[in-house]
Amino acid sequence: MTPAILVFGLLLFIGAPVAVVMAMSGLAGGFALGGERMLGIIADRMFSGVSGFLLIAVPYFIFTAELMNQGGLTHKLIAFNNALFGRVRGSLSHVNISVSVFFAGLTGAAVTDTVAIGKIMIPEMKRQGYDAEYAAAVTACSSIIGPIIPPSVVMVVYATLLRDISVIDLFAGGIIPGLLMALALLGVSFFLAWKRGYPKQAPTPFKAAIVALLVALPAMVVPLIILGGILSGLTTITEASGFAAVYAIVIGVVFYRNLTWRKIWDALVTTVRFSGVVFFLLATSAVLGWFVTRSGIARDAASMITTFSDVAFVQLMLVCLLLLLIGTVMDVLPALVVIAPVLVPAMIQLGFDPLHFAILMIVVLNISNVTPPVGMTLMTAARIAEVPYERAIVASLPFYVSFIVVIVLLAAFPALSTWIPSLL
């Protein structure tokens, strides 16, 4: 076990790609366990890590999201949500959050949400008198709802890494936590808008609101296709993701008429690039996961957790703190594939519900996506807003506090994550 830890720490310290870190540390660990005869297992483990039928859904989800971005869906969703909140003080801030909830059912990726919505909302918020750093903060913090409300690429990856939980349960379990995060953000947004006197907009006429709803409705059907097909049992996740991609092409070309062949090609290129990163991470994580299983690290981790406290809630909070710390230096997917094979078996040994812990882990890792020094979504939003990253960090603190409250609620009440899956 020691050679693997040394290789892992050294490569991570020198800035090697996370996939290389996992592959080489697993290789070193395997050699330490059984010498050269163990090395032949590495290639087999890498292949098995990406050979699951479920993983076909990953590029389809990414492709669907990119088609929606290229097809100008964001403008339609913003127009509809603006009709809902236009007359409320700080309306653009609330629109920013609510659009992310709708967009979450289409993208499943936080950075995609940040770029697609931020490029439109942040300049408009600045023009209407909102602080630039506040515009960046609310955009980044709302975008992390994307990988929590299904469909979610992160959840598909999790179900592939740890196959004791179905992706259907993960999708269903993410609905309430995602909406809870949105409500927490809206609460902070309403308070700050009232305290700082952010502007209102003119009320939207009823006829214009209906038109905005009708225009946005075809795009809003995409999540229903995905979730309706999956939760009803009519389709598998892979089939639903394929149907969604085809539907996205049809409405972009036929209904909205702004999805050209060039834009479809650009969406394909982005899909191939992102999918390549995800699959390489999964292949190398299978090597590390195999070593973790053989070496008994999960058992040692469980013993270590119990040394701090015997109280289940305290144990959960300590693990959440660890996840937040890991997320400050790693992006969500790399952090998930590195830490999940170690922590999840340990927490199951301690008696925690695997679905409850899975949802909690995904939520915490996504919250760490706005936690410095990495905080990729917050950093991206700060660049769009053209403000120093430090100012965006300070502006995001009230929203961050609301996220901590959500984490505590999810840890204290497992039913928030398990109730909807139990109905299925």
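On a predicted model such as this, the values are computed, not experimentally measured, just so you know.
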Taking the six-membered ring for Trp, are W194 and F191 parallel (under 30°), tilted (30 to 60°) or perpendicular (over 60°)?
tilted
Tabulate below the donor-acceptor pairs under 3.5 Å that side-chain atoms of residues 412-420 make, not counting sequence neighbours, or state none.
| residue | atom | partner | partner atom | Å |
| --- | --- | --- | --- | --- |
| T418 | OG1 | P414 | O | 3.1 |

Please check: side-chain N/O of K126 versus main-chain N/O of A385, any donor-acceptor pairing under 3.5 Å?
yes
In the structure I gave you, are the side-chain heavy atoms of F61 and T271 within less than 4.5 Å of one another anywhere?
no
Nearest heavy-atom approach of Y60 to A245 is CD2-CB, 4.1 Å
Output, in order, the C-alpha distance, side-chain angles, deciding distance and verdict of side chain to side chain contact (heavy atoms under 4.5 Å, CB included) for L268 and F63.
CA-CA 6 Å; L268 282 169; F63 186 45; 3.5 Å; yes
State, with a plain yes or no, whether a side-chain heavy atom of Y130 is found less than 4.5 Å away from one of S93.
yes
Whether T238 side chain and I56 backbone form a donor-acceptor pair below 3.5 Å
no
Can you give me the closest heavy-atom contact between A411 and L316, atom names plus distance?
O-CD1, 3.7 Å
As a quick check of understanding, evaluate side-chain hydrogen bond (donor to acceptor under 3.5 Å, both in side chains) for S152 and Y158, giving each step before the final call.
CA-CA 10 Å; S152 168; Y158 188 102; over 6 Å; no
Apply side chain to side chain contact (heavy atoms under 4.5 Å, CB included) to residues T64 and S241 and explain how you reach the verdict.
CA-CA 8 Å; T64 302; S241 63; 6.0 Å; no
When rounded to the nearest 0.5 angstrom, what is the spacing between CE in M181 and CD1 in I407?
8.0 Å
F399 and Y134, any side-chain heavy atoms less than 4.5 Å apart
yes
Is it true that atom CD of Q128 has more than 12 heavy atoms of other residues, nucleotides or ligands lying nearer than 6.0 Å?
yes
Can you tell me how far the CG atom of L186 sits from the CD1 atom of I97, to the nearest 0.5 Å?
4.5 Å
Nearest heavy-atom approach of N96 to S142 is OD1-OG, 3.7 Å
Checking M125 against D131 for the side chain to side chain contact (heavy atoms under 4.5 Å, CB included) test, could you report, in this order, the C-alpha distance in whole Å, the side-chain angles of both residues, the deciding distance, and whether it holds?
CA-CA 8 Å; M125 290 178 72; D131 300 322; over 6 Å; no
Is a side-chain N or O of S368 found less than 3.5 angstrom from the main chain of T371, in a donor-acceptor match?
no
Report yes if some heavy atom in the side chain of V246 is under 4.5 Å from a heavy atom in the side chain of F243; otherwise report no.
no
Looking only at atom types and distance, does a side-chain atom of Y247 sit under 3.5 Å from a main-chain N or O of P218, one as donor and one as acceptor?
yes
Heavy atoms only: give me the nearest I348-P354 pair and the separation to one decimal.
CD1-CB, 3.9 Å
How close do I145 and V101 get, heavy atom to heavy atom, and via which atoms?
CD1-CG2, 4.3 Å
Taking the side chain as C-beta and beyond, is there a heavy-atom pair between I62 and S275 under 4.5 Å?
yes
Going by salt bridge (charged side-chain N to carboxylate O under 4.0 Å, His left out), name the residues that satisfy it together with D353, two or more places apart in sequence or in a different chain.
none
How would you list, by chain and number, every residue that makes a ring pair (Phe, Tyr, Trp, His ring centres under 6.0 Å) with Y256, sequence neighbours excluded?
none
Could you check whether any side-chain heavy atom of V99 comes within less than 4.5 Å of a side-chain heavy atom of M121, counting everything from C-beta outward?
no
Are any of the side-chain heavy atoms of M361 and L336 separated by less than 4.5 Å?
yes
Enter the distance from L409:CG to L180:CG here, rounded to the nearest 0.5 Å.
6.0 Å
Here the pair of heavy atoms bringing F403 nearest to C141 is CZ-O, 3.3 Å
Please tell me if the side chains of L323 and L343 come closer than 4.5 Å, counting only heavy atoms from C-beta onward.
yes
Can you measure from CZ (F352) to CD (Q315) and round to the nearest 0.5 angstrom?
4.5 Å
